[in-house]
Chemist: 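Got a structure here, written out as structure tokens. Questions coming.
Just so you know, these numbers come straight off a predicted model, no measurement behind them. Order of the sequence lines sets the chain letters (A, B, ...), proteins ahead of strands, with each chain counted from 1.
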Amino acid sequence: MACEQWRGNLDRYLDGELAPAEAAALSAHLRSCPQCSNEVLERVQIKRAVHTAGSRYTASAALRNRITQDITSESSGGSTRRWSWILIPAMAALLAAFFLSAYIDRERVAQQRVYSELADLHVATLASSTPVDVVSSDRHTVKPWFQGKIPFTFNLPELAGTEFVLIGGRVFYLEQTPGAHLIFQLRKHDISVFILPTRAEEIRNLPSGTGNASSFNTETWTQNGLRYFVVGDTNVDDLRALSKLLRNAG
Amino acid sequence: MRVSEKHLNAASFEAVAMPLFDQLYNFAHWLTQDRSEAEDLVQETYAKALRGFSSFQTGTSFRAWMYRILRNTFLSSRTGLKTMVVLDDAATEEPLTDTVTPEALLIEKASREMMQQAIEELSLPFREIILLCDVEEMSYQEISVALAIPIGTVMSRLSRARKALRIALQAKITGGRHGV
């Protein structure tokens with residue numbers, strides 16, 4: 001397929017709207033086409049910049065209170081004094097349910113944002129002409145390179161006898177926290193492993209397990225005070241296999 | 001966000017609608033470009049949504065439904081009527097002149113303020129679709145509901161909006177005079 005045809009799908013690819021098979025085919029093309037990779041890199045940068053710049057306006061607390069009062073007065077409009085002794089505990093229960101629901105929703109939005117940023121970082125890094133700052137398949141070279149660059153240390157697994165290959169690493173930032181970004185390869189599929197301290201609340205509260213972000217499969221867990229994210233377009237079993245190796249090393 | 005049928009009452013409306021408050025306000029302010037108008041718009045949106053909550057179709061996206069109400073309310077306001085340019089997507093298939101330099105470095109030079117100005121200067125149909133996709137991170141399906149346009153139009157309009165944004169941004173970075 002010519003580059004022009006691939007480019008017609010780039011927006012849908014970055015917006016997570018391509019079917020997994022199409023996304024995998026496009027990922028494979030990006031690995032072999034510097035022009036399209038550069039195009040992806042630029043689009044990812046703009047998308048991230050729009051996300052940051054677009055979150056611009058903050059509502060006043062007074063407006064929030066006003067609207068909440070409007071809703072509350074509407075919901076209690078039909079009540080009578082005779083029933084208030086029954087309604088007070090019921091309203092208290094509803095209020096508790098509201099706060100719980102609001103809390104869960106906020107958490108969900110924050111979690112989606114973290115995954116979305118990691119998926120963007122994964123794509124942007126692979127599209128870059130210099131995806132890693134330390135290029136080595138030797139874990140004894142890659143791990144020491146991070147010393148002094150990030151405020152923690154981690155262990156890398158022995159990959160001999162497995163299909164995984166370590167490509168290298170770089171420093172990345174998420175929620176103003178520096179972390180280690182490692183790139184592994186499996187049968188020409190690139191897999192990103194992000195490791196960072198569980199300091200930020202959004203990261204600490206993320207549930208462990210497998211998931212999906214912008215067409216990529218993901219696996220995450222916490223170990224020794226560090227949060228691990230594995231992101232790639234390989235199947236879930238392969239991500240789990242790499243996660244298991246990392247867990248055993250940690 | 002999904003709402004089950006048995007929970008369509010005012011208290012559950014508050015529980016599902018208020019978590020959207022901050023993002024709805026941000027979107028309203030981008031549309032109106034005025035704090036006071038944005039506040040009125042959000043308040044009216046909540047009042048309309050509460051009144052129509054029983055007609056909300058359960059199993060569909062509540063968030064897209066709220067944005068649709070907000071946008072319709074805006075479009076019927078005086079500012080909205082003045083601002084909105086109705087886009088005939090079939091008639092504007094001609095792509096914008098592509099003068100974008102394929103240098104990612106240019107984008108790195110753009111400051112947050114520069115990007116905000118570039119978004120601000122986009123026509124309303126372009127501005128709103130970019131905000132819904134890249135700031136609110138809505139799926140194409142949700143955007144289609146919120147803007148009441150087919151998914152094919154979401155894709156073509158988004159593509160043209162992004163191209164317009166890149167041109168506007170590049171003009172700002174290089175100090176050129178490219179129009180949007």
Chemist: Mind checking the OG-CG spacing from B/Ser36 to A/Leu63? Nearest 0.5 Å is all I need.
Modeler: 10.5 Å
Chemist: Begin with the C-alpha distance, continue with both residues' side-chain angles, and end with the deciding distance and a verdict on salt bridge (charged side-chain N to carboxylate O under 4.0 Å, His left out) for A/Asp15 and B/Arg162.
Modeler: CA-CA 12 Å; A/Asp15 293 335; B/Arg162 282 176 168 155; 2.9 Å; yes
Chemist: Measuring heavy-atom distances to chain A, does B/Tyr46 have an atom under 4.5 Å in its side chain, in its backbone, in both, or in neither?
Modeler: side chain
Chemist: Top residue by heavy-atom pair count (under 4.5 Å) with chain B, among A/Ala53, A/Ser55, A/Ala62?
Modeler: A/Ala53
Chemist: Could you tell me whether the side chain of B/Met115 reaches within less than 4.5 Å of the side chain of A/Ile46, counting heavy atoms only?
Modeler: yes
Chemist: When you look at B/Met155 and A/Glu17, which way does the side chain to side chain contact (heavy atoms under 4.5 Å, CB included) test go after all the steps?
Modeler: CA-CA 10 Å; B/Met155 290 193 274; A/Glu17 296 278 347; over 6 Å; no
Chemist: Taking B/Leu158, B/Asp134, B/Leu24 one by one, which has the highest count of heavy-atom pairs under 4.5 Å against chain A?
Modeler: B/Asp134
Chemist: Rounded to the nearest 0.5 Å, how far does CD1 of A/Ile67 lie from CD of B/Glu14?
Modeler: 11.0 Å
Chemist: Just do the side chain to side chain contact (heavy atoms under 4.5 Å, CB included) check on B/Phe53 and A/Ile71 with the steps written out, would you?
Modeler: CA-CA 12 Å; B/Phe53 193 41; A/Ile71 299 170; over 6 Å; no
Chemist: Quick one: side-chain hydrogen bond (donor to acceptor under 3.5 Å, both in side chains) partners of B/Arg51, sequence neighbours excluded?
Modeler: none
Chemist: Please check: side-chain N/O of B/Asn26 versus main-chain N/O of A/Arg56, any donor-acceptor pairing under 3.5 Å?
Modeler: yes
Chemist: Do A/Arg64 and B/Met18 have side-chain heavy atoms sitting under 4.5 Å apart?
Modeler: yes
Chemist: Quick one: which residue pairs count as a ring-ring contact (aromatic ring centres under 6.0 Å, His included) with a foot in residues 33-59 of chain A, not counting sequence neighbours?
Modeler: A/Tyr57-B/His29, A/Tyr57-B/Trp30
Chemist: Relative to chain A, which segment of B/Glu136 carries a heavy atom at a distance below 4.5 Å: side chain, backbone, both, or neither?
Modeler: neither
Chemist: Let me know if A/Arg48 has heavy atoms under 4.5 Å from chain B in its side chain, its backbone, both or neither.
Modeler: neither
Chemist: Heavy-atom distance under 4.5 Å to chain B: side chain of A/Thr58, backbone, both or neither?
Modeler: backbone
Chemist: Check for a donor-acceptor pair, side chain of B/Gln43 on one end and backbone N or O of A/Arg66 on the other, with a separation under 3.5 Å.
Modeler: no
